[in-house]
Amino acid sequence: MSKNITIEIKKESVSKLKSGYPLLLKEFFYDTSKLAQEGSILKLVDNKKNFIAKGYYGLQNKGYGWILTDNEQQKIDSNFFTQKIKDAISYRKDLFRDQTTTAFRLFNGEGDGIGGLTIDYFDGYYLITWYSQGIYSFKEPILKALKSLVEYKGIYHKRRFDTKGQYLESESDYLCGKRAPKPLIVKENNINFAIYLDDGAMVGIFLDQREVRDTIKREYVKGKSVLNTFSYTGAFSVAAALGGAKETTSVDLAKRSLPKTKEQFTINNIDLEKQKIIVADVFEYFKIAKKRGLSYDLIVVDPPSFARSKRKVFSAAKDYTKLLKEVIAITNKNGVIVASTNAANFDMKRFKTFINKAFKEANIRYKIEKSFSLPKDFRVSKKFPEGNYLKVLFLRKID
Ligand code: SAH
């Protein structure tokens with residue numbers, strides 16, 4: 001059973017919490033030594049012992065836990081979780097009905113009222129991700145709640161926490177029900193994607209880019225040459241090929257990206273002849289492209305927010321401008337750059353300054369044609385707009 005702890009909040013933080021801010025920051029507390037056991041229910045009070053809100057203690061790189069309710073009488077039990085998940089399901093009822101899309105986010109952390117927890121839907125299979133030991137301590141009531149609400153083929157989970165906030169490797173991520181086929185084929189706007197629910201931290205697709213892939217496919221690539229950098233399993237390349245791209249080139253450092261990308265093309269009946277898949281550092285590829293005089297009509301740039309490769313460290317916040325200048329140099333006249341980032345440490349406004357700087361230094365004019373943030377199923381709390389980490393801009397090169 002989880003412990004209940006009454007803990008006093010600093011005077012200057014009370015109004016922030018009262019206005020509905022969901023994240024518990026270290027600086028809100030006078031004394032964090034009381035927070036011994038993750039998963040403890042915290043009753044937050046002011047200096048006069050007046051009730052403010054209830055939350056749980058769970059360490060993430062973001063903070064010390066999340067607010068769950070502002071109702072003092074509310075018990076944090078399987079009924080509580082049932083209500084939250086039920087609301088989340090009803091918020092996505094259109095997606096459940098949509099036959100052309102069978103993969104989406106069902107529960108998005110604080111956006112759905114429980115920070116540190118996400119649930120993704122993959123054609124009848126459910127994937128729960130726990131972002132702290134604290135939220136993981138509620139595994140039984142949360143699992144019970146989910147099972148009572150949905151007809152599931154099978155349930156899997158990922159524990160994205162350990163001392164370093166990393167994904168916890170384990171024998172298997174399977175929890176209950178049927179085991180998913182390997183791969184499990186899901187659909188997104190009728191594009192097939194091969195998903196592996198039990199093969200490490202990532203399943204093969206980033207669901208938050210659904211609208212961006214669809215826009216590329218429908219509006220931007222017919223007859224065009226496409227370069228997909230940081231391509232992972234090639235999801236953007238698949239969308240481009242299905243949208244009638246003349247050819248695609250996918251570049252990723254990871255060796256596994258080659259068979260994984262081939263597989264995504266194959267399950268969509270795409271002719272592999274016209275698709276290049278290159279295992280390389282993108283910065284090395286830019287050099288090769290320049291040397292060979294290669295250039296492209298559409299380039300997708302979706303780097304990790306932070307990555308360490310053999311010799312260097314890439315940080316989106318520091319290096320996006322430099323990266324984009326390389327991309328601008330190999331984009332054709334009137335070409336389009338899809339500039340994307342999931343970095344949570346800067347907002348859209350700042351992202352636009354990185355972009356502006358890159359074009360300015362390259363002495364090239366551009367216009368922003370489209371702008372995307374998280375899709376509806378990645379629900380964001382109005383009180384926590386920084387939860388909307390995705391930023392994607394379609395940039396038309398004018399020269
Ligand atoms: N754009 C992808 C997701 C990218 S995830 C999609 O929408 O599916 C980030 C990817 O960048 C990982 O696959 C990782 O292997 C790759 N990566 C990281 N650093 C790289 C580098 N310097 N050059 C090429 N790929 C890199």
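One is the number of the first residue; the rest follow in order along the sequence. Keep in mind the model is a prediction, meaning the values are calculated, not measured. Numbering of ligands and ligand atoms starts at 1, following listing order.
Under the 6.0 Å distance and 45° angle rule, Lys322 counts as a cation-pi partner of Phe283.
The shortest N or O to N or O distance between Val282 and ligand 1 is below 3.5 Å. By the 3.5 Å distance cut-off applied to N or O atoms, Phe283 is not counted among the residues near ligand 1.
With hydrogens left out, the protein atom closest to atom 8 (O) of ligand 1 is Tyr232 CD2, 3.5 Å, a heavy atom. Among protein heavy atoms, the minimum distance from atom 25 (N) of ligand 1 is reached at Leu253 N, 3.1 Å. Considering only non-hydrogen protein atoms, atom 7 (O) of ligand 1 sits nearest to Phe236 CE1, 3.2 Å. In this structure, atom 1 (N) of ligand 1 lies nearest to the protein heavy atom Asp302 OD2, 2.8 Å. With respect to atom 5 (S) of ligand 1, the closest heavy atom belonging to the protein is Phe206 CE1, 3.8 Å.
At least one heavy atom of Asp252 sits under 4.0 Å from some atom of ligand 1. Using 4.0 Å as the threshold, Phe314 has no heavy atom nearer than that to any atom of ligand 1. A heavy-atom separation below 4.0 Å is found between Pro304 and ligand 1. In this structure, Pro303 falls outside the shell of residues with a heavy atom less than 4.0 angstrom from ligand 1.
Tyr131 and Phe161 have their aromatic ring centers separated by at least 6.0 angstrom. With ring centers used as reference points, Tyr125 lies 6.0 Å or more from Tyr152. Residues Phe384 and Tyr21 place their aromatic rings such that the two centres sit under 6.0 Å apart.
Every residue two or more places apart in sequence or in another chain that forms a ring-ring contact (aromatic ring centres under 6.0 Å, His included) with Tyr121 is listed here: Phe96, Phe104, Tyr126.
Using a 4.0 Å cut-off to heavy atoms of Ala254, the atoms of ligand 1 that qualify are 15 (O). Those atoms of ligand 1 with a heavy atom of Asp281 less than 4.0 angstrom away are 22 (N), 23 (N). For ligand 1 and Ala280, the ligand atoms under 4.0 Å from any heavy atom of the residue are 23 (N), 24 (C).
Residue pairs meeting the side chain to side chain donor-acceptor pair (under 3.5 Å) criterion with at least one partner in residues 244-253, sequence neighbours excluded, are Ser237-Ser250, Thr248-Gln275.
If you take CD on Gln209 and OG1 on Thr215, they are separated by 10.5 Å, rounding to the nearest 0.5 Å. Put simply, CZ on Phe29 and CG on Leu24 are 4.5 Å apart, with the number rounded to the nearest 0.5 Å.
When each of Asp208, Asp377, Asp120 is tested with Arg105 by the rule salt bridge (charged side-chain N to carboxylate O under 4.0 Å, His left out), just one qualifies, namely Asp120. When each of Tyr232, Phe193, Phe230 is paired with Phe206, the ring pair (Phe, Tyr, Trp, His ring centres under 6.0 Å) condition holds for Tyr232 and for no other.
Between Phe306, Tyr285, Phe230, it is Phe230 that holds the heavy atom closest to atom 26 (C) of ligand 1.
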